[in-house]
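Presented below is the structure to which this report refers.
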Amino acid sequence: MGVSTNLYLAAEGAAAAATTGGIWSEWAGLMLIGPMLAFVVIVLFGKRMRYQGAEVAIGAMAFNFVWSSVLLLLNMGDSGVLYERSLEIAAVGGGLVFELGWIVDGLSIMMYWVVAAVGLAVFVYAHGYMKGEVRVTFFFAALSLFAGSMLVLVGSPNLVQLIIGWEGVGLASYLLIGHNWELKENSSAAMKAFYTNKVADVGLVIGVIIIGITLGSFHFWDLAAAAAEHSAALGPVAVAAGLLLFFGAMGKSAQFPLHIWLPDAMAGPTPVSALMHAATMVTAGIYLMARTFPLYQELATAARPWMIAAGTITLFGMGLLALVADDIKRVLAYSTVSQLGYMMTAVAAGGYTAGLFHLFTHAFFKALLFLGAGSVIHAVHSNNMSDMGGLRRHMPDTYRTFVIGALALAGVFPLSGFWSKDEILATLGYEGYNLVMWIAVAGAFVTAFYMARAVALTFFGEYRGHGEPHESPPIMTRPLWALAVPAVLAGVVNIPGLKLPWIGSFTDWLSVRSVPMGDHHAEAIDVGLAAAGLAAAVAGLWLGWRAFGPSAADRADRDRVEIPVLYPLLRQKYYLDHAALGLVWVIRQPAARAVNWVNDYVIDGVVNGVGALCQRLAGLLYGGVDQHGIDGVVHGLSWGTSGMGGLIRRIQSGRVQQYAGLLVAGLLLLAVVVLFVL
Amino acid sequence: MILNQFLILAALLFCMGVYGLLVRRNAVMVLLSVELMLAAVNINLVALEAFWQTSEALGQILAVFIITIAAAEVGIGLAIILLIFRNRRSANVDELNLMRW
Amino acid sequence: MPRIDWLAIAPEVVVAAALLVVLAVDLFLPRERKYWVAALAVVGTTLAMVPVILMAVSGDNYSMFDGSYVVDEFALVLKGVFLVAGYLVLLISVSYIESDRYYQGEYYLLLLSSLLGSMVLTSARDLVVLFVALELTTGPLFLLAGWRKGDLRSNEASLKFFIIGVLSTGLMLYGMSLLFGLTGELSFDGIREAISAGGMASEPVLGLAVLLILVGFGFKVSAVPFHFWAPDTYQGSPPPVTAYLSVSSKLAGFVAMLAVIYLALPAVTDFWGPALWLMAAVSMTVANLSALRQSHLIRLLAYSSVAQAGFMLVPFAGGAIATDGLSEGLGATVIYLVIYAVMNLGAFAVVIAGGRRIGSYEIPDWRGLGSYSPRLGVMLAVFFLSLAGLPPLAGWFAKFVMFRAVLISTGPAGVWLAVIAAVNAVVAFYYYARVVKSAWFDEAPDKIPEDTETGPTGPLSLAMGLALVVVLVVGVFPGLATFFGDAAAALVP
Amino acid sequence: MGFEDWAAEPLNWVFLAVALATTISGLRVVTSPNVVHAALFLVAALAGTAAIFLLLAAEFLAWVLVLVYIGAVIVLFLFGIMITRAPTGRDEAEVDHQRRLPALLVSAALFALLSWGLLSQWGDTTLDGITAGTPTSVLAEGLLGRFVFPFEVVGFVLLAALVGGITIARRDLSPAEERERESR
């Protein structure tokens, strides 16, 4: 139980306590290059390969899995691994240099391994899932680029390379979300994701430039050291820089209100969703916050309340949205947003390990849930739970693994989600954020509730879809089982007060021995809090089951959950039913509707409002152009509805003498401003 | 003689040229206005050279270059006007608005 | 007789010789062999690289004609850039110009003349050389804009360009005469020293002179409010000429501006600082908002190039505010110029290649390009996303140095400009990505345009390939571009 | 310098006369409804400019102006006017367009700005010692010495203008005519 110095590695002693990891570290850059190389190879030769490039992508991932597993093993036990290598590629003036390289430490090893493990499962699964689909080669190329960019991101020793990986992830996600671009909503979703991220990225880039200029370095270690020393140079800009970086993280990690892209990103093929929601993309923001943790811990403390606020709103509000979605992937997507809120809140509150531990466990069960959902969708050819039901008989493997994932996500003892959520609750309590902690407990209840609903609607009752659903082929179910194992067990590595022989604890993995992060890790289980969390989860599951389970109510009405007529008919049941349904009603009607309304109108409204503003301005300036052309977000963004008789129409009139007159007038205006006003 | 009497005259001629460039519909007349502007610049240069009396007569030399280049510009301008006239049967500048916005 | 160092003017001599050879050979070539002049022009630009490289390696500086013509690192770097850009434009031109009766010999003669002007410009260190070089750069382009003689749009492009061109030349010359009147000098060094000796850095007339001169440069770089000709002229001109206009001609404007601002007027920040701040902010905003509404690709690129000019002006404004901003700003602008030149030429090459196949520059006609011509689709994505500033394509580094140059300054002016630039970077994304989206994510039309290319497409592909390599390599190893910036920054006195 | 001093100098009265003539001619250049008249008024305005040059003792430049402009450029203009068959009669509606007021405002404002600047800078600074004039040899040495390089470059400007101008301005032969010409 100790809050101690805040350096990751800057201290000399830290380096001494760590091993370099030998050739496994010295050549760890291969993990960054591998998927990128796979991308190039698939682009160039994929079409001529037997499995259209899938074998290369899977091969690269398998390589990474083996390599990162070795690193993970090396990092266990008593001494951690610490290695860093940078290659200077450009001096950009002012003493700043750009470097490419890789870093091997607890945090990055954990990320390498998660990306590789989840990536491998997803890639194998995708090989089965995409059979017979269009553009398989392109898909695996983009998937490799996606994973590769993420590795470049998490392997980066400096902020610049991080940006490169960051943008690469964004680009690849754009390609993947819009994979089935024949469907208009897909390409719109891709654009939305891209643009939302791009807006956030501007914050990141400016934040990085500010840090680089004030610090004279882009290195994370220099940043950490400067933060630890309360650097006088960095001090004045720290809050601004911290908030800007956080703004970037909000985009990638889908924090309210920049979360809007993530639910729409469901449009991509399901393996993409699994990868995106578990190991890559959305975790990047959390990772960035963890990497720059000392900045927030020491200098940018004023930024933390804002981060906690965003995280808390996200974790609770977005969870509610999962209650009303019919699209199974959308349920999972809102749940991801909500879980990301947990992680962000934890990291922002000082729970470095807690946030990352949840990232770690969440990666497995969320990937599992998505792949399971994909398997279901594969079978019933619909995303909507109203077309499912009773699938447990048809798809036993998918059913079992999905339930495991759901229980883990709900935080049921002793599955992995229980431990990581408990760690977050404990940290919030320890740091004194009691209100946030209880909101998080309530969020746990909501999580359990919607997962119960999802399981009940999907796997229980009677089948409501078309055709005869059948279990997916082994190439898809085996990855499910493979992911189910860590989804159950991953929690063991960080049980408070328990240090496993050989393996050590997750807390230790993330820090170099003897120099812990300045965060809190409980030495013993806080039974009361754990019980509260568990109670919330069980209550949520139970009530969810009461409301949506097969014995809950009249079949037809239960299935049509969207229809309010449901409730009067159920009045005659137990008071628990009343309570459950009342709760459903309370949550669904005012709260969820409100949140949904906020989501649909306010947030989208803001985005569309920005668009509309651009549109108005453009309309004002432009006007008069026909409305045909583009669609979706861009449509809203650039094409005005009325837009007649604008300024630009008048300015760019085609008459050259008017141009000449405006040129002279512009000169005069400039002269007046420069000579007389300023 | 004071310097400014020349400079103000030049400024006046220059602004007349600007006015002509802005209002003349006929492209040839636009070109005439441009010549007026350049003549004004030359007056400026020669007067300021007289003021400075530089050892290398810098102002006048720049004026020589301007005169020469102006001649070239006239050639270019008339060629373009001819081209347009051949295609459109008109040398009116304000009829050229196929491209806008 | 003035001493002449022949090595120092060798690049110009080679280009001038190539130009004359083109003129002479063209007379004797039968119509079907006219493409030889293209080869000659390409050879000329390539050969001219040799003395540039020789001088760059030797590292000597040359100063001739009482210091009015100087070959230093700044000049060499930009001569190199002009030669490469000219080389790429020649490659882009070949198939286009050959496919119709476009007077090949004269076309290449004029293009080389303009290139010669730009190269002289890099070494100009007094107002006379600067003015003459600018005219040699611009004059041939007035004519080239109208090169599609039968096309009314091309005619119109030419005349609009010409009228705005001579107006801004007139205003610029008036400004130069005032500058001469204030200092009694024509050389940049003389003007700088006279201004500091006379302590007149904030005389209002000096402000007028600076602003009037900026009109001339603003026209060349097509910065708002001197940009009005650009969209119309870009749209109407033959596309290779537009490519040249938006790159080399714009570059020439920036080179002239860099030299005059940083060599002659470094002390006059009171005037050019705010003026360029305003021009940068307005250029980015107006052009980006206008570009959002464009459906014609070349017109979109025209507005994009106005907006890019705004981005390139940002470091100037930063240079005026920050303490050691001058060299920082100069380096940043040059880096941006170098990267912009390559990526914009690449974008134009793709647009020309696609336009020849599709037969239209309307964006909706380009939908599904990636599905039936992945090669063009990928190129399109790379160049447009690079223009948008997406890492790891070269454009992001240009934006990076731009932001840095303005953020090193302390005080609200720099921050505000950075914020405006940042917002504009996002807005710009929408229209660049829209094109890419149309090419990749929209369904191809029922009738896929056939590849009917008959003429040689090799040069065009070569141009695209070269630009692609540069965009990718510089994006990953931005150090290569920094080199240009550092070399150029040596200019600051 | 008071007005009496100024008026006492006879050259100033010469200047006044020339300036008046030049201004009126200039005004007519931009207002005359007749193209040919406008061109001829430009001749007058340029002649006035040459006279001003003479007043400033820049003889060489004055003659250059006369030779280059009045001798050559104006002839070019007249050819241009004739070839384009621009209206030579009085047809005011054709010659100016309707947006005269903004143009007038803009140019007047420009004039106000410029003259404000000139007056604030040079006030009533006098020109002294210009009677000697600039020897032509100084100009010659400058043009062939320090400025020989731009002098050469101007040659290329003229070459490009010439070649390009001819190409642009000439009538394209129809393919049939061209074949006929090549067979000859």
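Sequence lines set the chain letters: A, B, ... in the order given, protein chains first and strands last, and positions in each chain run from 1.
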Euclidean distance, B:Thr68 OG1 relative to C:Glu135 CD, rounded to 0.5 Å:
11.5 Å

Quick check on the interface: out of C:Thr233, C:Leu182, C:Thr138, who has the most heavy-atom pairs with chain B under 4.5 Å?
C:Leu182

Is the C:Phe219 to C:Phe226 ring centre distance short of 6.0 Å?
no

Under a 4.5 Å heavy-atom cut-off, does chain C meet the side chain of B:Leu31, its backbone, both or neither?
side chain

Would you mind telling me which of C:Gly184, C:Pro140, C:Ser158 has the largest number of heavy-atom pairs within less than 4.5 Å of chain B?
C:Gly184

Measure the spacing between CG of C:Leu109 and CG of C:Leu19 and express it to the nearest 0.5 Å.
4.5 Å

Can you see whether C:Ser114 engages C:Tyr244 through a side-chain donor-acceptor pair at a distance of less than 3.5 angstrom?
yes

Below 30° counts as parallel, above 60° as perpendicular, anything between as tilted: where do the rings of C:Trp229 and C:Tyr234 land?
perpendicular

With only heavy atoms counted, which part of B:Leu38 is less than 4.5 Å from chain C, the side chain, the backbone, both or neither?
side chain

Got a second to check how far B:Leu82's CG is from C:Asn155's CG, nearest 0.5 Å?
11.5 Å

Quick one: which residue pairs count as a salt bridge (charged side-chain N to carboxylate O under 4.0 Å, His left out) with a foot in residues 5-23 of chain B, not counting sequence neighbours?
none

Side chains of C:Tyr69 and C:Asp126 only: does a donor on one sit below 3.5 Å from an acceptor on the other?
no

Applying a heavy-atom distance below 4.5 Å, give me the residues of residues 8-17 of chain B that approach chain C, sorted by number.
B:Ala11, B:Phe14

If you measure only the distance, is there a donor-acceptor pair under 3.5 Å linking the side chains of C:Lys220 and C:Ser249?
yes

Select one option (side chain, backbone, both, neither) describing which atoms of B:Ile76 are under 4.5 Å from chain C's heavy atoms.
both

Could you pull out all residues at least two apart from B:Thr54 that satisfy side chain to side chain contact (heavy atoms under 4.5 Å, CB included)?
B:Glu49, B:Trp52, B:Leu58, C:Phe180

For the interface with chain C, which of B:Val93, B:Ile69, B:Val34 has the highest count of heavy-atom pairs at distances below 4.5 Å?
B:Ile69

Proximity breakdown for C:Phe162 and chain B, heavy-atom pairs closer than 4.5 Å:
side chain

Can you tell which part of C:Leu171 gets under 4.5 Å to a heavy atom of chain B, answering side chain, backbone, both or neither?
both

Would you give the length of the straight line joining atom OG of C:Ser154 to atom CD of C:Glu156, rounded to the nearest 0.5 angstrom?
10.0 Å

Residue among B:Val30, B:Ile81, B:Ile66 with most heavy-atom pairs under 4.5 Å to chain C:
B:Ile66

CG of C:Leu110 to CG of C:Leu115: how many Å apart, nearest 0.5 Å?
12.5 Å

Report, by ascending residue number, the residues of residues 41-48 of chain B in heavy-atom contact with chain C at a distance under 4.5 Å; give 'none' if the set is empty.
B:Val41, B:Asn44, B:Leu45, B:Leu48

Does C:Arg299 come within less than 4.0 Å of C:Asp232, counting only side-chain N to carboxylate O?
yes

